[in-house]
Amino acid sequence: MGDKVSGSVSTSSLTSPAILMDSEHWEQQQLATSCGYSQHMQQANLGDGVATARLLSRSDWGARLPKSVDHFQGPAPYVIIHHSYMPGVCYSTPECMKSMRDMQDFHQLERGWNDIGYSFGIGGDGMIYTGRGFNVVGAHAPKYNDKSVGIVLIGDWRTELPPKQMLDAARNLISFGVFKGYIDPAYKLLGHRQVRDTECPGGRLFAEISSWPHFTHLSETEGVVSSTAAPVEPHVHPKAATQTPLAQSPPAAPKV
Ligand SMILES: [Zn+2]
């Protein structure tokens with residue numbers, strides 16, 4: 001984990017910084033606007049090997065523009081971990097990019113939300129994909145959407161543990177957020193199930209994050225939001241395989 005930080009650091013308030021991260025340094029490689037437009041596809045620069053993770057901008061994965069963007073004042077006191085359930089795990093970057101587009105399609109077109117619900121996605125390729133970004137109100141955890149960073153680990157993690165590069169990328173992202181001031185250094189790490197009646201982020205992944213720094217047990221009264229609550233953008237995960245997953249469209253189709 002990159003506790004030591006060097007390299008160029010911008011003090012401007014950005015919601016979607018595109019960065020190169022590795023075990024030795026964080027390098028802010030390219031800056032994007034709040035709508036996430038970068039000028040070109042960033043080329044991988046993974047010379048340092050396995051510990052490297054990269055944050056890709058919205059334009060990298062072909063995001064549609066958000067319908068609107070609502071900011072909240074950081075730093076965020078909570079980090080909330082999700083799994084996507086569907087789409088399933090992706091191991092190549094093109095595949096993970098498509099998974100991001102599929103989730104955005106589902107959330108924005110099917111659900112009618114402003115954008116993909118999550119702040120960031122993590123692929124099985126070890127890459128970090130900018131969703132709404134830091135300090136943008138999300139649609140992933142009612143009551144916490146305006147005070148958290150919502151990170152989805154793409155895949156179904158009920159019984160399987162995400163691959164190491166995926167877990168490392170998630171932890172690197174949190175460290176980066178703390179370093180940049182987007183996440184409170186005293187943040188509380190939660191699984192989605194702690195604040196809503198859902199199996200998300202899956203039992204195996206939840207057990208894993210329970211051992212991470214800053215994981216916090218919430219009391220009954222502090223945590224779960226009644227399902228009768230009416231958040232502005234209710235976040236829904238398919239709960240079981242018998243339930244209709246995502247859209248009935250190509251998004252959920254197996255990748256070739
Ligand atoms: Zn969730």
Side-chain angles (χ1 to χ4, degrees), residues 76-90 96 99-100 102-108 110-124 128-134 136-162 166-167 169-171 173-174 177 183 187-210 212 214-218 222-227 229-247 251-252:
Y78 294 95
V79 173
I80 300 181
I81 302 293
H82 302 263
H83 74 164
S84 62
Y85 176 67
M86 295 287 284
V89 64
C90 52
C96 294
S99 297
M100 290 296 289
D102 290 347
M103 288 189 288
Q104 187 189 35
D105 285 348
F106 178 52
H107 292 170
Q108 199 176 44
E110 301 288 322
R111 297 282 176 189
W113 301 347
N114 287 334
D115 196 356
I116 188 172
Y118 310 108
S119 311
F120 295 92
I122 308 285
I128 301 164
Y129 296 85
T130 303
R132 297 198 184 198
F134 289 116
V136 174
V137 178
H140 61 91
K143 279 178 57 176
Y144 290 82
N145 285 323
D146 62 353
K147 54 175 75 71
S148 67
V149 177
I151 303 172
V152 60
L153 278 69
I154 300 168
D156 172 0
W157 307 119
R158 290 174 298 174
T159 58
E160 287 183 61
L161 187 65
M166 207 171 183
L167 299 173
R171 295 178 65 158
L173 174 61
I174 296 170
I183 299 174
Y187 71 91
K188 293 180 177 181
L189 178 70
L190 303 174
H192 189 197
R193 62 171 57 180
Q194 292 175 276
V195 298
R196 184 161 184 120
D197 180 19
T198 172
E199 53 78 29
C200 180
R204 186 64 188 87
L205 177 55
F206 185 68
E208 167 66 20
I209 67 168
S210 299
W212 289 8
H214 294 263
F215 179 81
T216 303
H217 292 279
L218 293 183
E222 190 182 0
V224 175
V225 178
S226 162
S227 58
V232 175
E233 296 189 37
H235 174 55
V236 179
H237 281 280
K239 285 184 180 177
T242 53
Q243 203 167 339
T244 306
L246 286 180

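One-based numbering, in listed order, for ligands and for the atoms of each.
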Completion exercise
Here the N/O/S atom of His192 closest to the Zn ion (ligand 1) would be ND1
Exercise for the section: Report yes or no: does His140 have an N/O/S atom closer than 2.8 Å to the Zn ion (ligand 1)? Expected result: no
Problem - Aromatic ring proximity, centroids under 6.0 angstrom, Tyr129 and Tyr118 - result: no
Problem - Asp102 side chain to Gln104 backbone, donor-acceptor under 3.5 Å - result: no
Handout entry: CZ-NE2 distance between Phe206 and His192, expressed to the nearest 0.5 angstrom
Key = 12.0 Å
Fill in the blank from the handout: The atom of His82 among N, O or S that is nearest the Zn ion (ligand 1) is ND1
Handout entry: Cys90: partners by side-chain contact (heavy atoms from CB on, under 4.5 Å), with sequence neighbours left out
Key = Glu95, Cys96, Ser99, Ile154
Problem - N, O or S of Cys200 under 2.8 Å from the Zn ion (ligand 1) - result: yes
